[in-house]
A.B. asks: 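Pasting a structure below so you can have a look.
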Number of protein chains: 2
Amino acid sequence: MALRHAVLAALLDGEYSGYQLSKAFDIGVANFWHALPQQLYAELTKLEKEGLVAGRQVVQETRPNKRLFHVTDAGRAELEQFAAAVSKPSFIRDDLLVKVQVADRIGTASVIEQLEERASAAEAKIELLGNLLRQLRGDADEEEFLRRGARIGPYLTCLRGLAFEQGHRDWCLRITAVLRERQTTDAKR
Amino acid sequence: MALRHAVLAALLDGEYSGYQLSKAFDIGVANFWHALPQQLYAELTKLEKEGLVAGRQVVQETRPNKRLFHVTDAGRAELEQFAAAVSKPSFIRDDLLVKVQVADRIGTASVIEQLEERASAAEAKIELLGNLLRQLRGDADEEEFLRRGARIGPYLTCLRGLAFEQGHRDWCLRITAVLRERQTTDAKR
DNA sequence: GCATCATACTCAAGAAAATGATTAGTCATA
DNA sequence: TATGACTAATCATTTTCTTGAGTATGATGC
């Protein structure tokens with residue numbers, strides 16, 4: 001029971017199809033949860049059966065028909081209950097960290113490459129989130145928006161996503177530099 | 001095939017029993033992976049069957065007997081292959097973020113409480129990791145240790161863990177402040 | 001002297017998540 | 001005019017993770 005609340009949370013801002021949701025889970029929602037399209041479709045089906053979301057068919061001419069979902073009162077109640085319950089702690093879980101842990105014992109070359117790829121992926125995400133934040137707050141500056149903005153939830157989670165990506169990028173670059181220097185030092189011996 | 005590599009990575013630094021590993025997964029290893037004891041025991045059994053780790057029985061007088069495991073050559077090879085393969089991107093996945101996303105739509109009181117609990121849990125973790133880092137680098141300062149230290153892998157992953165916890169704490173405190181101020185502003189209206 | 005904690009591990013069941021394959025029309029582009 | 005990307009989804013399977021219970025002994029604290 002975990003993805004379900006992320007879906008409800010994402011759906012709170014309007015009507016979305018499974019497909020649109022899966023796009024949202026690639027960008028904004030990715031700051032607090034991640035899921036593949038198949039998971040979303042499955043979850044939406046379950047949520048609809050339980051009456052927590054409701055969908056309506058939208059017939060389209062040039063595109064396949066779609067079903068738009070919105071949160072029902074029962075869904076909202078479920079979210080409220082969830083928000084009041086204790087949260088599970090959050091964990092880091094990252095292949096690349098596992099590799100760094102053993103990088104000095106096995107080959108470092110490939111790990112360095114991957115760190116650099118990650119760093120530039122993080123850089124791209126940082127820019128994307130920067131734009132998203134600017135868009136969300138409109139004309140106001142951040143302080144102002146956070147004080148009086150109507151809908152700050154998505155902004156707040158984006159802030160966390162941004163900080164996470166920045167931390168990730170900085171770490172990747174630092175570790176790359178460290179491993180690089182050790183490589184040349186090793187070579188000299 | 002993910003926990004398996006975290007276990008191999010953790011086991012690379014010496015012999016550990018399942019129980020000891022589960023302790024390591026609460027502290028240092030938690031910086032790159034998380035798992036419950038049951039998962040570890042199960043994974044060790046699998047890894048042993050596949051010949052990637054080997055265990056030996058240690059008979060103890062005052063404590064229950066235990067099995068100490070170490071990585072075999074095949075296990076090392078598996079790790080090397082893993083390190084060379086592409087990594088899956090890392091995701092945030094956090095109940096609390098889901099709650100913040102909807103905090104301005106549903107009740108904020110409980111979310112604020114949870115943010116504060118998280119902040120102090122992060123604070124505790126920060127101290128713990130600070131000590132761990134000091135212990136790992138011994139007398140040397142960080143730059144020096146990273147240049148010439150023998151085993152920097154665990155240090156590097158701890159650095160990421162530390163930065164993550166700091167980012168998490170800062171975010172929690174900031175959001176707490178924002179939500180608090182909005183509460184009082186709302187009340188005045 | 002009783003309770004609780006720490007060591008050390010096992011088993012089973014169930015929920016959640018990831019993976020892979022498939023369908024089918026539209027649109028842009030090379 | 002083939003190629004691939006985009007919209008919109010479904011189905012089946014497998015892997016992974018979580019939850020909960022249980023066993024047994026010694027040490028520590030009040």
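Here is the naming used below: chain letters follow the sequence lines, and residue numbers restart at 1 for every chain. Just so you know, these numbers come straight off a predicted model, no measurement behind them.
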A.B. asks: For DNA chain D, what residues of residues 30-47 of chain A have any heavy atom nearer than 4.0 Å?
C.D. replies: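 Those residues whose heavy atoms fall under 4.0 Å from DNA chain D, taken from residues 30-47 of chain A in numerical order, are A/Gln38, A/Tyr41.
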A.B. asks: Are the side chains of A/Val100 and A/Leu97 in contact, using a 4.5 Å heavy-atom criterion?
C.D. replies: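 Heavy-atom side-chain distance check fails, nothing below 4.5 Å.
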A.B. asks: According to a strict under-4.0 Å criterion, is A/Thr62 in side-chain N/O contact with OP1 or OP2 of C/dC27?
C.D. replies: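 For A/Thr62, the contact criterion (side-chain N or O under 4.0 Å from OP1 or OP2 of C/dC27) is met.
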A.B. asks: So which pairs with a foot in residues 126-155 of chain A pass ring-ring contact (aromatic ring centres under 6.0 Å, His included), sequence neighbours left out?
C.D. replies: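 Sorted pair list: A/Phe145-A/Tyr155.
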A.B. asks: Output a table of nitrogen or oxygen pairs between the protein and nucleotides 2-7 of chain C separated by less than 3.5 Å.
C.D. replies:
| residue | atom | partner | partner atom | Å |
| --- | --- | --- | --- | --- |
| C/dT7 | OP2 | B/Tyr19 | OH | 2.7 |

A.B. asks: Hey, could you give me each pair passing side-chain hydrogen bond (donor to acceptor under 3.5 Å, both in side chains) that has a residue in residues 52-62 of chain A? Not counting sequence neighbours.
C.D. replies: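 Passing the test, one end in residues 52-62 of chain A: A/Glu15-A/Arg56.
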A.B. asks: Enumerate the residue pairs fulfilling side-chain hydrogen bond (donor to acceptor under 3.5 Å, both in side chains) with a member in residues 120-130 of chain B, sequence neighbours excluded, ordered by first and then second residue.
C.D. replies: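 Every pair satisfying side-chain hydrogen bond (donor to acceptor under 3.5 Å, both in side chains) with a residue in residues 120-130 of chain B: B/Glu123-B/Arg169.
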A.B. asks: Grab the CD-P distance between A/Gln57 and D/dA8 for me, whole Å please.
C.D. replies: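 In whole Å, D/dA8 P and A/Gln57 CD are 12 Å from each other.
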A.B. asks: Please list, chain by chain and in numerical order, all residues satisfying side chain to side chain contact (heavy atoms under 4.5 Å, CB included) with B/Asp141, sequence neighbours excluded.
C.D. replies: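 With sequence neighbours excluded, B/Asp141 shows a side chain to side chain contact (heavy atoms under 4.5 Å, CB included) to B/Glu143, B/Glu144, given in chain and number order.
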A.B. asks: Under the side-chain hydrogen bond (donor to acceptor under 3.5 Å, both in side chains) definition, can you give me all pairs with a residue in residues 36-45 of chain B, not counting sequence neighbours?
C.D. replies: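 Residue pairs passing side-chain hydrogen bond (donor to acceptor under 3.5 Å, both in side chains), neighbours aside: B/Arg4-B/Glu43.
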A.B. asks: I need the full list of side-chain hydrogen bond (donor to acceptor under 3.5 Å, both in side chains) pairs touching residues 110-119 of chain B, with sequence neighbours left out, sorted by first then second residue.
C.D. replies: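 Listed once each, the pairs are A/Ser87-B/Gln114, B/Asp94-B/Arg118, B/Lys99-B/Gln114, B/Ser110-B/Gln114, B/Glu116-B/Arg180, B/Arg118-B/His168.
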A.B. asks: Output every pair passing ring-ring contact (aromatic ring centres under 6.0 Å, His included) with a member in residues 59-114 of chain B, not counting sequence neighbours, ordered by first then second residue.
C.D. replies: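 Every ring-ring contact (aromatic ring centres under 6.0 Å, His included) pair that includes a residue of residues 59-114 of chain B, provided the two are not neighbours, is A/His34-B/Phe91, B/His5-B/Phe82.
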A.B. asks: Taking the nucleotide of DNA chain C with the closest heavy atom to each, which residue, B/Asn65 or A/Leu3, is nearer the 5' end?
C.D. replies: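 It is B/Asn65, whose closest nucleotide lies nearer the 5' terminus.
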A.B. asks: Write down the distance between CD (B/Glu15) and P (C/dA8), rounded to a whole number of angstrom.
C.D. replies: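 After rounding, the reported distance stands at 14 Å.
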A.B. asks: Who are the ring pair (Phe, Tyr, Trp, His ring centres under 6.0 Å) partners of B/Phe25, not counting sequence neighbours?
C.D. replies: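 Testing B/Phe25 for ring pair (Phe, Tyr, Trp, His ring centres under 6.0 Å), a comparison that skips the adjacent residues, returns none.
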A.B. asks: May I have all residue pairs that pass ring-ring contact (aromatic ring centres under 6.0 Å, His included) and include part of residues 102-130 of chain A, sequence neighbours excluded?
C.D. replies: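 Passing the test, one end in residues 102-130 of chain A: no pairs.
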A.B. asks: Heavy-atom contacts under 4.0 Å between residues 75-100 of chain A and DNA chain C, which residues?
C.D. replies: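 Result for residues 75-100 of chain A: none.
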A.B. asks: So, is B/Ser17 near the phosphate of C/dC9, with a side-chain N or O under 4.0 Å from OP1 or OP2?
C.D. replies: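 So the side-chain polar atoms of B/Ser17 do come within 4.0 Å of the phosphate oxygens OP1 or OP2 of C/dC9, strictly under.
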A.B. asks: Taking B/Thr108 for the side chain and B/Asp104 for the main chain, is one N or O donor matched with an acceptor at less than 3.5 Å?
C.D. replies: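 Side chain of B/Thr108 to backbone of B/Asp104, a donor-acceptor pair under 3.5 Å: no, none is there.
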